[in-house]
Number of protein chains: 2
Amino acid sequence: MVKITDVARRAGVSPSTVSYALSGKRPISDETRRRVQAAVRELGYRAHVRARGGTGAGARVLALSVPLRSGVHVPVVTQFAVSVVTAARAHGHDVLLLTRDEGEEDVGRVAEAGLADALVVMDVQLQDPRLPLLRSSPLPSVLIGVPAEPDGLTCVDLDFGAAGELCVEHLARLGHRTVALVGSPPEVYVRRTAFARRLVRGFTAAADRHRLSSAVHPCGADRGAARALAERLLREQPAPTGVVVHNEPLLDPLTDAFEQLGLRIPADLSLVAVCPAPVAASARVPLTSVTVPAAELGTRAVHLLVQKLSGAPVPQVTLLPPRLTERASTGPRPV
Amino acid sequence: MVKITDVARRAGVSPSTVSYALSGKRPISDETRRRVQAAVRELGYRAHVRARGGTGAGARVLALSVPLRSGVHVPVVTQFAVSVVTAARAHGHDVLLLTRDEGEEDVGRVAEAGLADALVVMDVQLQDPRLPLLRSSPLPSVLIGVPAEPDGLTCVDLDFGAAGELCVEHLARLGHRTVALVGSPPEVYVRRTAFARRLVRGFTAAADRHRLSSAVHPCGADRGAARALAERLLREQPAPTGVVVHNEPLLDPLTDAFEQLGLRIPADLSLVAVCPAPVAASARVPLTSVTVPAAELGTRAVHLLVQKLSGAPVPQVTLLPPRLTERASTGPRPV
DNA sequence: CTGAAAGCGCTAACAC
DNA sequence: GTGTTAGCGCTTTCAG
């Protein structure tokens with residue numbers, strides 16, 4: 001293993017000079033810097049992180065807390081994770097993946113042991129057990145999601161309330177009078193997951209404002225549940241003609257179920273999805289959707305974290321405005 | 001931040017005694033150990049990894065190299081990754097996620113900088129650029145996948161050759177005489193990805209042995225490609241009646257395409273998938289499949305790594321035998 | 001069975 | 001602009 005003293009000897013300078021030449025934390029003559037850089041290259045030197053004791057910059061590792069609780073859809077989470085990793089690498093950081101159900105233990109360990117020097121937190125609940133640790137820890141953190149009480153935290157998220165409203169407004173504009181929201185599995189609401197509840201609130205508020213009759217149905221993600229729910233929706237009086245689906249793994253099964261029940265989309269029934277754009281675009285029936293900008297949220301979170309690490313001030317809450325993309329699954333209310 | 005000297009003071013012993021009491025690397029009296037443990041608990045002490053300079057056990061961090069090259073199906077990769085993380089946590093390790101296209105840079109950095117003390121390597125190509133680093137590095141590693149020349153490495157994988165044969169044998173037993181393999185996108189073969197090519201070889205060998213006429217078709221993963229391929233297969237003389245699909249994102253589109261072309265599955269056409277069990281089971285038409293045991297492979301890789309870390313000998317190559325599960329997509333050759 | 005002391009590789013005061 | 005030196009928090013000799 002090649003160490004800083006090896007580089008120093010080879011470049012004919014002292015170890016501290018090598019350190020400074022590399023960090024740029026004090027002026028170094030061009031001549032010296034060149035020699036140091038040459039030595040570094042020739043020996044293939046890389047600073048050993050675990051040696052930067054106490055003082056000094058961190059390990060350039062950032063931890064990502066993604067509790068894989070029941071009901072979270074892994075492919076969507078993965079999109080966030082990949083964008084976080086990519087953005088982190090662009091800033092020279094590596095990413096430590098923390099996935100245990102209750103994120104508290106993970107977050108505590110990482111903070112105490114100095115495993116990472118910053119933290120991205122996902123799947124935030126309104127009252128999240130990780131929040132006290134985040135507030136008290138010296139480790140800078142950014143949440144993807146907004147808890148009930150964001151004071152003293154940094155959060156970024158899609159404006160799910162506005163997203164819920166946008167879906168309803170789209171359907172209202174098409175003349176629909178009865179709408180339904182098919183949401184996440186019940187346990188997600190029981191856990192008080194922030195984004196799920198905000199979407200519901202926005203959906204309901206907009207429906208009331210437009211005087212639409214509306215209902216909300218949490219739903220599990222298997223084909224059986226999809227079929228049962230589809231049948232139930234069609235039995236209602238009046239039956240909804242516009243359905244908003246905020247549940248990725250259910251999109252395909254629910255589309256299938258409606259079609260098997262003899263409905264054509266969008267002639268008989270309009271469907272609006274709330275999901276990442278690729279999911280909506282590659283569905284069997286391309287779905288009109290409000291995009292969950294997974295990649296952008298991950299990237300933003302990392303940017304905010306880098307800002308915080310460099311001491312720059314950051315806004316407490318960043319909400320991205322929702323955007324609706326029309327595809328083939330919505331149309332005028334059937335006559 | 002609470003350090004080892006704080007614990008020592010509180011327990012009325014020296015720092016080294018605390019260190020030994022915690023590591024168990026030398027005998028400690030019960031009385032002393034108890035006092036140390038009490039102090040640790042009361043103060044909430046955790047060893048700071050970055051201080052274990054040079055000597056000493058590692059940071060208990062294990063790196064996972066998953067180059068996200070084009071054509072790799074992220075949901076499948078994610079299943080591996082999650083199982084690696086879970087297994088690693090069960091052994092007290094955290095996981096650093098490395099996802100850059102060319103894994104060399106990542107692997108080098110991690111090894112040099114001491115960011116991790118072991119390495120799991122995925123998406124292995126027959127000639128993988130990461131191999132030289134793995135062979136020369138002191139960092140223990142385990143590959144999920146088997147390169148052309150596994151000497152000096154530790155590998156674990158599904159026996160994809162046998163998996164290819166198993167698919168063909170199942171179809172042959174059902175009386176099919178003409179079979180096709182729909183594989184990964186062309187770039188995957190061009191990269192000489194190990195498992196993809198082994199499956200092809202097994203498929204072809206078994207088809208020859210059973211005197212079936214066979215063909216192999218790499219295919220991209222979008223609906224357009226699926227449709228085009230389905231049409232092409234049906235135009236062939238003779239047209240295949242048994243199709244093996246080794247391409248997860250293509251399963252649904254290809255099923256749709258065949259049905260839209262008027263074929264019933266399995267009455268007119270039998271389909272065998274090579275994919276993780278959940279994917280096959282939850283498809284619209286439940287698919288007969290050879291299971292890619294993603295979770296087990298991840299877990300095994302971590303076990304092997306832990307063995308290596310503890311100095312135990314491990315086998316060079318571990319191949320898991322394939323298992324075929326019959327579901328609704330295969331039946332006798334149409335008459 | 002326990003303590004004192006050296007040293008891990010690196011950074012940052014403190015010198016010149 | 002550069003070198004010397006004193007740590008960082010921990011582990012592990014070396015001594016009792």
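Residue numbers begin at 1 in each chain, while the letters A, B, ... track the order of the sequences. These figures come from a predicted structure and were not determined experimentally.
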Is Ser29(B) touching bases, backbone alone, or none of the nucleic acid, heavy atoms closer than 4.0 Å? sugar-phosphate
Whole-Å distance, Leu22(A) CG to dT11(C) C1', equals 12 Å
Ignoring backbone atoms, test whether Ser23(A) places a side-chain nitrogen or oxygen under 4.0 Å from the OP1 or OP2 oxygen of dT11(C). no
Pair Asp123(A), Arg69(A) - check salt bridge (charged side-chain N to carboxylate O under 4.0 Å, His left out), show working. CA-CA 9 Å; Asp123(A) 193 27; Arg69(A) 307 177 168 116; 2.8 Å; yes
Rounding to a whole Å, what distance do you find between Asp117(A):CG and dT11(C):P? 14 Å
Given Asp6(B) and Lys3(B), is the salt bridge (charged side-chain N to carboxylate O under 4.0 Å, His left out) satisfied, shown in steps? CA-CA 5 Å; Asp6(B) 300 329; Lys3(B) 39 189 140 181; 5.9 Å; no
Just how far, in rounded Å, is C1' of dT11(D) from CD1 of Ile28(B)? 13 Å
To the nearest Å, give me how far apart CZ (Arg26(B)) and C1' (dC10(D)) are. 14 Å
Quick one: is Thr17(B) getting a side-chain N or O under 4.0 Å of the dC1(C) phosphate, OP1 or OP2? no
With hydrogens left out and only the distance checked, is there a donor-acceptor pair under 3.5 Å joining Ser16(A)'s side chain and the base of dT2(D)? no
Please lay out, stage by stage, how Arg192(B) and Glu187(B) fare under the test salt bridge (charged side-chain N to carboxylate O under 4.0 Å, His left out). CA-CA 9 Å; Arg192(B) 303 175 56 74; Glu187(B) 65 259 39; over 6 Å; no
Between P of dA12(C) and OH of Tyr20(A), the distance in whole Å: 6 Å
When rounded to whole Å, the NE2 to P distance for the pair His48(B) and dG9(C) reads 17 Å
Option from Ser141(B), Ser137(B), Ser65(B) for which side chain to side chain donor-acceptor pair (under 3.5 Å) with Arg130(B) holds: Ser65(B)
Assuming nearest nucleotide by heavy-atom distance, tell me which of Pro15(A) and Pro27(A) is located more 5' along DNA chain D. Pro27(A)
Check the distance between dG7(C)'s C1' and Ile4(A)'s CD1 and give it to me in whole angstrom. 17 Å
Mapping Lys3(A) and Ser14(B) onto DNA chain C by nearest heavy atom, which one lands closer to the 5' end? Ser14(B)
If we ignore angles and hydrogens, is there a donor and acceptor under 3.5 Å between the side chains of Ser16(A) and Ser19(A)? no
What's the NZ-P distance between Lys25(A) and dT11(C), to the nearest Å? 8 Å
